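Below: one structure, written as structure tokens.
Note that the coordinates shown come from a computational prediction; the quantities given were computed from them, not determined experimentally. Positions are given from 1, in the same order as the sequence printed here.
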Amino acid sequence: MSIVCGIPLLECVYCLACARWAWKRCLHTAGHDSETWGLSTAEEFEPVPRLCRYILAVYEEDLHHPLWEPAGGYEINPDWLILKKTYEDTQGCAPPYILYLDHKHADIVLAIRGLNLARESDYAVLLDNKLGQRKFDGGYVHNGLLKAAGWVLDAECDVLRELVEKYPNYTLTFTGHSLGSGVAALLTMVVVHNRDKLANIDRKRIRCYAIAPARCMSLNLAVRYADLINSVVLQDDFLPRTATPLEDIFKSLFCLPCLLCLRCMKDTCIPEEKMFRDPRRLYAPGRLYHIVERKPFRMGRFPPVVRTAVPVDGRFEHIVLSCNATSDHAIIWIEREAEGLWI
């Protein structure tokens with residue numbers, strides 16, 4: 001048809017679709033995702049910078065002689081560290097983590113590090129999933145992250161039970177960054193369903209903070225566990241907005257233009273309402289906290305604000321075309337911005 005008419009119709013349709021997609025993305029800013037949300041209080045956001053530092057501490061080999069501590073240190077007493085697991089200890093079944101007994105804040109904290117780009121085992125966990133592959137508690141979850149969460153619980157069940165019984169007034173907090181955030185969120189759900197393994201711990205004592213969260217559970221589960229799971233997103237962070245199956249993203253590293261072409265055609269031809277109705281679609285978990293510090297068409301950073309909500313009609317559905325999309329995913333930047341919010 002294109003040859004007969006002398007007009008490249010298919011090429012024109014494709015170019016129009018790409019232009020529409022790019023135009024929508026250029027107009028969309030991160031602030032639009034949470035513009036109708038309420039503001040967070042200092043009290044409810046207080047644990048976030050501290051937990052970010054605990055996650056950063058997982059990267060250290062020796063907390064008695066830290067090499068990479070942020071300004072102000074990790075605020076960790078090495079003598080209160082219960083255990084530290086490395087890749088050799090987990091045998092690639094889960095990312096490294098620490099278990100810390102925080103007497104100062106009456107908290108038992110299990111902190112899980114983020115994705116290690118040099119570790120094939122992390123990619124194996126991340127890519128072990130297909131749309132609708134794994135059901136859990138009436139919804140859908142990420143298969144690889146759920147298996148990693150189950151491994152952590154099996155490995156540390158006895159230690160956690162002993163601590164929960166010994167300190168009945170302490171909270172039990174699971175936290176993680178990036179890949180670790182997904183493991184922490186699903187570990188929280190697994191613990192809730194297996195409280196008998198932890199001396200029938202009261203549900204109210206359990207909580208989770210997922211920093212720069214991966215999409216790991218369906219919307220019905222994300223809303224149902226919003227009283228326990230909290231997700232923290234810094235401005236333009238790409239990962240909570242990445243609805244494309246992760247295995248397709250990493251395969252596309254060899255042909256990123258191909259992925260962008262397919263994505264813009266899909267966004268053009270398939271209504272958003274139809275995509276959101278898919279019960280298998282995964283989302284960022286729990287209650288969302290969005291740190292917003294930059295404004296469109298403005299230079300520099302502004303005094304940040306934290307908006308919070310439990311959205312039921314989509315969560316960070318559009319990737320933001322921003323030079324900060326990857327830097328806003330870094331745990332060190334999230335810790336710095338969270339620390340300075342109410343100073």
Rounded to the nearest 0.5 Å, how far apart are [atom1] of [X] and [atom2] of [Y]?
X	Y	atom1	atom2	result
His329	Ile334	NE2	CD1	7.0 Å
His193	Thr188	NE2	OG1	11.5 Å
Leu101	Ile76	CG	CD1	11.5 Å
Tyr74	Leu63	OH	CG	7.5 Å
Ile229	Met217	CD1	CE	4.0 Å
His64	Glu61	NE2	CD	14.0 Å

Short side-chain to backbone donor-acceptor contact, [X] and [Y], under 3.5 Å:
X	Y	result
Glu60	Leu67	yes
His142	Leu126	yes
Arg315	Pro311	yes
Arg215	Leu282	yes
Thr175	Tyr209	yes
Asp128	Asn143	no
Asp102	Val109	no
Lys197	Arg161	no
Arg241	Asp237	yes
Gln235	Glu293	yes

### salt bridge (charged side-chain N to carboxylate O under 4.0 Å, His left out) partners for Glu43, two or more places apart
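By the salt bridge (charged side-chain N to carboxylate O under 4.0 Å, His left out) rule, Glu43 matches no residue at all.
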Can you find a pair of side-chain heavy atoms, one from [X] and one from [Y], that are under 4.5 Å apart?
X	Y	value
Phe45	Ile291	yes
Leu234	Glu337	yes
Leu160	Leu99	yes

### Query
Which of these, Arg207, Arg287, Arg203, sits in a salt bridge (Lys or Arg N to Asp or Glu O under 4.0 Å) with Asp227?
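Considering Arg207, Arg287, Arg203, a salt bridge (Lys or Arg N to Asp or Glu O under 4.0 Å) with Asp227 is found only for Arg203.
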### Query
Given the rule that I, L, V, M, F, W and Y join up when any side-chain heavy atoms are under 4.5 Å apart, are Tyr87 and Leu81 in one cluster?
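No, Tyr87 and Leu81 fall in different hydrophobic clusters.
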### Query
Under 4.5 Å between side-chain heavy atoms, hopping through other hydrophobics if needed: is there a path connecting Leu153 to Leu163?
yes
Are [X] and [Y] close enough for a salt bridge, meaning some N to O gap below 4.0 Å?
X	Y	answer
Glu88	Arg119	yes
Asp278	Arg280	yes
Arg53	Glu335	yes

Between [X] and [Y], does any side-chain donor sit less than 3.5 Å from a side-chain acceptor?
X	Y	result
Tyr289	Glu44	yes
Asn116	Asp122	no
Tyr140	Gln133	no
Tyr170	His105	no
Tyr100	Asn77	no

Which heavy-atom pair separates [X] from [Y] by the least distance, and what is that distance?
X	Y	answer
Pro213	Pro285	CB-CD, 3.9 Å
Leu221	Asp137	CD2-O, 3.4 Å
Leu39	Arg307	CD2-CG, 4.1 Å
Val164	Leu198	CG1-O, 3.8 Å
Thr90	Pro95	CG2-O, 4.1 Å
Ile112	Ala184	CD1-N, 3.9 Å

### Task
Give the intermediate values and the outcome of side chain to side chain contact (heavy atoms under 4.5 Å, CB included) for residues Phe174 and Val152.
CA-CA 11 Å; Phe174 301 107; Val152 173; over 6 Å; no
### Query
Do Leu110 and Ile98 pass the side chain to side chain contact (heavy atoms under 4.5 Å, CB included) test, and can you show the C-alpha distance, the side-chain angles, and the key distance before you say yes or no?
CA-CA 6 Å; Leu110 194 152; Ile98 62 172; over 6 Å; no
### Task
Determine whether more than 12 heavy atoms belonging to other residues, nucleotides or ligands lie under 6.0 Å from atom CH2 of Trp68.
no
#### Entry: ring pair (Phe, Tyr, Trp, His ring centres under 6.0 Å) against Trp37, all qualifying residues, sequence neighbours excluded
Phe316
### Task
Evaluate the criterion side chain to side chain contact (heavy atoms under 4.5 Å, CB included) for residue pair Ile332 and Leu56; output intermediate values, then yes/no.
CA-CA 8 Å; Ile332 188 67; Leu56 285 168; 4.1 Å; yes
### Task
Could you walk me through whether Tyr97 and Glu156 pass side chain to side chain donor-acceptor pair (under 3.5 Å), step by step?
CA-CA 11 Å; Tyr97 56 88; Glu156 312 305 341; 2.4 Å; yes
### Task
Just jot down the side chain to side chain contact (heavy atoms under 4.5 Å, CB included) partners of Val125, sequence neighbours excluded, or say none.
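Testing Val125 for side chain to side chain contact (heavy atoms under 4.5 Å, CB included), a comparison that skips the adjacent residues, returns Leu145, Ala148, Leu179.
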### Query
What's the verdict on side chain to side chain contact (heavy atoms under 4.5 Å, CB included) for Ser178 and Leu239, showing C-alpha distance, side-chain angles and the deciding distance?
CA-CA 8 Å; Ser178 189; Leu239 189 60; 3.8 Å; yes
